[in-house]
A.B. asks: 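Right, I'll just put the structure down here and ask away after.
Order of the sequence lines sets the chain letters (A, B, ...), proteins ahead of strands, with each chain counted from 1.
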Amino acid sequence: MDWKGCSRMTKTINFDESTLFTNFVVYLFAFIIAIGTGAIIIFAIMKINPFSAISLIFSFGLFNAFGLKATFQYMIPLALISLGLALCYKAKYFNIGADGQLIFGTIFSMQVIFSLEKTTHSPLAIPLILLSGMVGGAFYSLIPATLKAKFNISEILTTLMLNFVAIYFMTWLVDINGPWKDPTAAELESYPIPSYYYLENPAILLSIVIIAIIIVYLIDTRTILGFQIKVVGSSQKAAEYSGINRTKVYILLSIISGALAGLAGSINLLTTSHILSSDYDSVYLGYLSIFTTWLAALNPLFVIMSSLLMGVMISGGYFMASISGVSQLFVYVFEGLMFISLITFKELSGTLRRLLKYG
Amino acid sequence: MQQKIAVGLYNISKRFPTVIALDNVTIEAYVGEVHAILGENGAGKTTLMNILFGLLKPDAGYIKLYDEKVDIRSPKEAMKLGIGMVHQHFSLIPTLTVYENFKIFSSKVRVDEKKIIELAERLNLKIDPNEKVSNLSVGERQRLEVLRLLYFDFKILIFDEPTSVLTPIETANLLEEIRTIAQEGRTIFFISHKLNEVKRVSDRISVLKKGKLVTTDINERMSTEYLIKCMIDKVPILQQKSKDSNSSNVILEISNLKVRSTKGHICVNLKPPFDKIKIHENEIVGLAGVAGSGQKELFDAIAGLTKVLEGKILFKGNDITSCSVLERIRLGIGYIPEDRIYTGVAPELSLYENFMLKTLNNDKSFKKSVFLDKKKLIEIAEKLVKEYDIKAANVFVPIKTLSGGNIQKVIVAREISMKPSLLLAYEPTKGLDVGATYYIRNKLIEYSKEHGIFVFSEDLEELMSISDRLYVIHNGTIVKEFTRENFDEYKIGAAMVGLERV
Amino acid sequence: MVSSVLDFFLEIIKIGIGYTTVFLLASLGDIYAEKSGIPNLSLEGVMGMGAFLGFYFALIFQNSYMGLLGGILAGAVMGVALSYLVIDLAINQVLAGLSMWLVGMGLSDFLYTLSFSHYPYLVTAPKLPTYFVSSNLIVSVLLNHTLVDYAAFLSVPLLWFFLFKTKYGLMIIAVGEDPKAADAVGTNVRMVRYATLIFSSTMGGIAGSLIALTVGLYQVGMIAGRGWISIGIANFSGFNPAYGLLASLLFGVISALGPSFMVIGYKIPYEFLNMTPFLALIIAVMIVAKKAIFPASHGQPYKRE
């Protein structure tokens, strides 16, 4: 008897670029089912009608002024991180350290802000701050990359461990005895950044993302690095055989993705939080961006769509939680279950397609 | 005297997404018979036996054992019914010991070590039950698989291409063993594409061609010529090797090479009297050796995939011993590797991308500033597909959708089109059907007119038909060198197992 | 109060053994899973659910052992779910594990705040009782532990024996090394992997519940990365239960450094002490990196046509 489930070949990452339209349709259905699952959960826990729940989420996330702003504030960092991760995962370099890289980007930016405070504020300040964020993220990302290069340690392990280290480090910075704690603040947080560093112009933010998308897209499809990434992702042995230096590829990938994650942290600081705090709201953005990367099928062009969707889900989810008095942690449950439904359905639909094709 | 039918496969059909593997095949085998399934690669032999063994489910047809219809849904069920299989790629777990490998097989708790040793002696095999399987030679492992089936008293045995990894002497032993076992009342299926072995061992022969049964008859009644005609449509011709112009330009010279394997021991160790390997500009040099003699590591070392412990590799007079893989590709060393699917190509990438796997690192002409010139890549790919007659829908399909033969053609096409001065070929025709096999052999002969080729194959016949000279490797050392004039199958075979030393 | 350096170190070890059991249970489970070729990357989430359900059961039944049952339940259910996703649907294990982590962590914290955040006082549940209370420090270190601690330590030789000496353990190893060969000799690869994965999740559930039940509390985020460290421990110990015990002890003691130093008021910021297990794991893996041997089929799903 054949095995139940799939009868296809062994694959762990399965994105068939050749049938783009069918993929889109499958994703659409999967997404609808995922939302449906989420809505049913909302219904079960918060006693809200699933349909009104969905419409509430979307209307808040997209059409309400506060909601849209929140959506945007999630979407931008998610998109930036996802771009970097898209390249990483294509090479099967499972960098899950976006959180830690984001934190270090924020920390580096903060340091630069403190140093700049004494000088006049020039228009170059903000780009410098953003750049320092990229440096911070890239630096933190190079640690696991070098460990992999020298000792062949799994990046899954190292990036994960370093995430925790980063969170503890940041907590220390703003702890009661920490160097950056604002003594006047009641919470464990740092001095707020000066208001002239606020970056709230949506056009600028979008442009940054779009430029990033274009750069990553070009790298992916038109450069030799992009080709090498695909080969390494397809088969390490083939990469070695054709003379590709895998270590170099991993290092470049970690620099790119680390820089993007750091940039996301920087932007987050300037746009949303304006402060370094131990009650870190953006924690798990790094992990959620893994989901947006996969939702976008590792394609840089779709990242903005999946980030937008995820942004709506998050802000709408927080809204749902607040109006029904439920803990905001619910959002993570929601995201996680949605994602599981999505990939489950995608796998099942793959089986269905094959069964239909070959009877 | 009417013989009893032990196994009957009736009207078996099986199709896969891209090909019909079996088309209405009916075969019966008697008790105590050695029944050969003969056919070239891709004819459907392994598929048929996999169905008998429960690894595959037929789309149509049924199986009878001792006149009773049976439904075999898994290897476990097959084994319960007394069917055992000696696989092409063994089913022993190398990290476990002999004893442990028996244990996972058995439904009883205790495995009798003494019985294992006894049975082994009967087959002239010395076995220590507590030895790790990874320490056994390939020939020993195969005999162990047979031993295991005998220990558990299987009545129906399937041998799938068992001699492909054996030396001539080990092959002879195995064939004799098979006849002995059959006489004890077992039914044996012997799958092979090697005509002479089938003639030696079987009582009756069934010939499969492209999924259909061509004929079944008693061995003695079928001549070799007749069988060849059944197996393939037209006999391809191998180019003649021209005896003239032996260039004295040495392309490759390896001396005193020592390579360490991933397991830690020295697997290549060139020492006197054959401490040097030389390859000239327009010859094919063959390497013969039993599996695991260090030939793979030797080839990998020349290509730069393995680091060398000691010794020198000189290419066109330059010392390349510490050059990277990329540098060696650029200098002009091509490699057709053993592992077609995961090393030779990047499986998920498309056809045209795989053609350019190595070129992209080298040839600046594919770059328009920082970016790739995709149109040019596609053009070249389509040209090569036409030239080598590669069967694929277009150049954009993922290469893993192609058959093994076509994938190999892509690899050969790519390597040759890069015009390397030295082409390394490791088992270039393994598992390919006759058409593809002869095509590639001819291509190699053609290419060797102006370049050097170093080829390894476990098929001695193939080596002898295309090589100008031959080295024999045993336990990591070159033990003998033959020139075309004194090629002798048995002498070479003896050297392969270390029986003849200069 | 500490009267000597020796006493201080004994205190560390005592606290450490408390941490050890959690690492031990979770890593033993993961060792089995990894041996069969599929790492259980959902452990962090499983432990979260185990902690919550353990706390909850202990609370409503007013019995800490019922809490253990809650942990077992949480682990088993999540194990079945993960197995289906990763074995039958062949979903990428990293993704499946991460999703289950978010779901498990979110759900457990969420359910806790849903049920108890409006209570004016801190809700506590019965703790697991310890035995052999003694003022003698050495006796205390060795014997003053819960039944679960004893069981966990005793299970090490059993699990070792089962894995390396019995037919079923060998089958697990075979499936991890070469699922094709194992299939060809009649082993049901799918069943073996389901079994090991569910076993490892169940162990994770127990480990999670232990975290809550030793203190009789539940705190949001109390797992604090210990699930991931357990996976690291499983790797670091070469997937051998015997080494797993030693590694768990090591990391247990390392984790105890933080609280111990806080007790004596030594001025190292607790955050840096909290970092130590994570950094230690990276260093540990660096040391054994050269010799790391994974089961050959690690991380690859297996399908038969």
A.B. asks: Below 4.5 Å, heavy-atom pairs only: which of C/Ile231, C/Val94, C/Leu102 has the largest tally toward chain A?
C.D. replies: C/Leu102
A.B. asks: Once rounded to the nearest 0.5 Å, what's the spacing between atom CH2 of C/Trp228 and atom CZ of A/Phe164?
C.D. replies: 8.0 Å
A.B. asks: Count the heavy atoms of every other residue, nucleotide or ligand shown that sit under 6.0 Å from CZ of C/Phe278, and state whether that count exceeds 12.
C.D. replies: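 Enclosed.
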A.B. asks: What option among A/Ile96, A/Asn152, A/Leu160 has the most heavy-atom pairs under 4.5 Å with chain C?
C.D. replies: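 Most pairs with chain C among the choices: A/Leu160.
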A.B. asks: Is it the case that more than 12 heavy atoms not belonging to C/Phe116 sit under 6.0 Å from its CZ atom?
C.D. replies: yes
A.B. asks: Minimum heavy-atom separation for A/Ile290 to C/Leu95, with atom names?
C.D. replies: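 For A/Ile290 and C/Leu95, the tightest heavy-atom pair comes out as CG2-CD2, 4.0 Å.
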A.B. asks: Using a cut-off of under 4.5 Å for heavy-atom pairs, which of C/Leu41, C/Leu111, C/Leu281, C/Thr276 has the most such pairs with chain A?
C.D. replies: C/Leu281
A.B. asks: Tell me the closest heavy-atom pair linking A/Asp175 and C/Glu271, and the distance in Å.
C.D. replies: OD2-OE2, 2.7 Å
A.B. asks: What part of C/Ile229 lies closer than 4.5 angstrom to a heavy atom of chain A: side chain, backbone, both or neither?
C.D. replies: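 Both backbone and side chain.
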A.B. asks: Nearest 0.5 Å, what's the CG-CZ distance between C/Leu98 and A/Phe94?
C.D. replies: 10.5 Å
A.B. asks: Among A/Leu147, A/Asn163, A/Ile153, which residue forms the greatest number of heavy-atom pairs with chain C at distances under 4.5 Å?
C.D. replies: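 Sorted descending by pairs with chain C, the first entry is A/Ile153.
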A.B. asks: Could you look at C/Leu85 and say if it's the side chain, the backbone, both or neither that has a heavy atom under 4.5 Å from chain A?
C.D. replies: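 Only the side chain of C/Leu85 comes within 4.5 Å of chain A.
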A.B. asks: So what's closer than 4.5 Å to chain A heavy atoms on C/Ala224: side chain, backbone, both or neither?
C.D. replies: both
A.B. asks: Please state whether the side chain, the backbone, both or neither of A/Phe169 comes within less than 4.5 Å of a heavy atom of chain C.
C.D. replies: both
A.B. asks: Just verifying a value: how many Å separate C/Leu279 CG and A/Tyr168 OH, rounded to the nearest 0.5 Å?
C.D. replies: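 Output value for this atom pair is 11.5 Å.
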A.B. asks: For C/Tyr112, is it the side chain, the backbone, both or neither that has a heavy atom under 4.5 Å from a heavy atom of chain A?
C.D. replies: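 For C/Tyr112, neither part sits under 4.5 Å from chain A.
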A.B. asks: Rounded to the nearest 0.5 Å, what separation is found between the OH atom of A/Tyr89 and the CG atom of C/Asn92?
C.D. replies: 9.5 Å
A.B. asks: Between C/Ile282 and A/Leu162, is any pair of side-chain heavy atoms under 4.5 Å apart?
C.D. replies: yes
A.B. asks: In Å and rounded to the nearest 0.5 Å, what is the CH2 to OG distance from A/Trp294 to C/Ser99?
C.D. replies: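 Output value for this atom pair is 10.5 Å.
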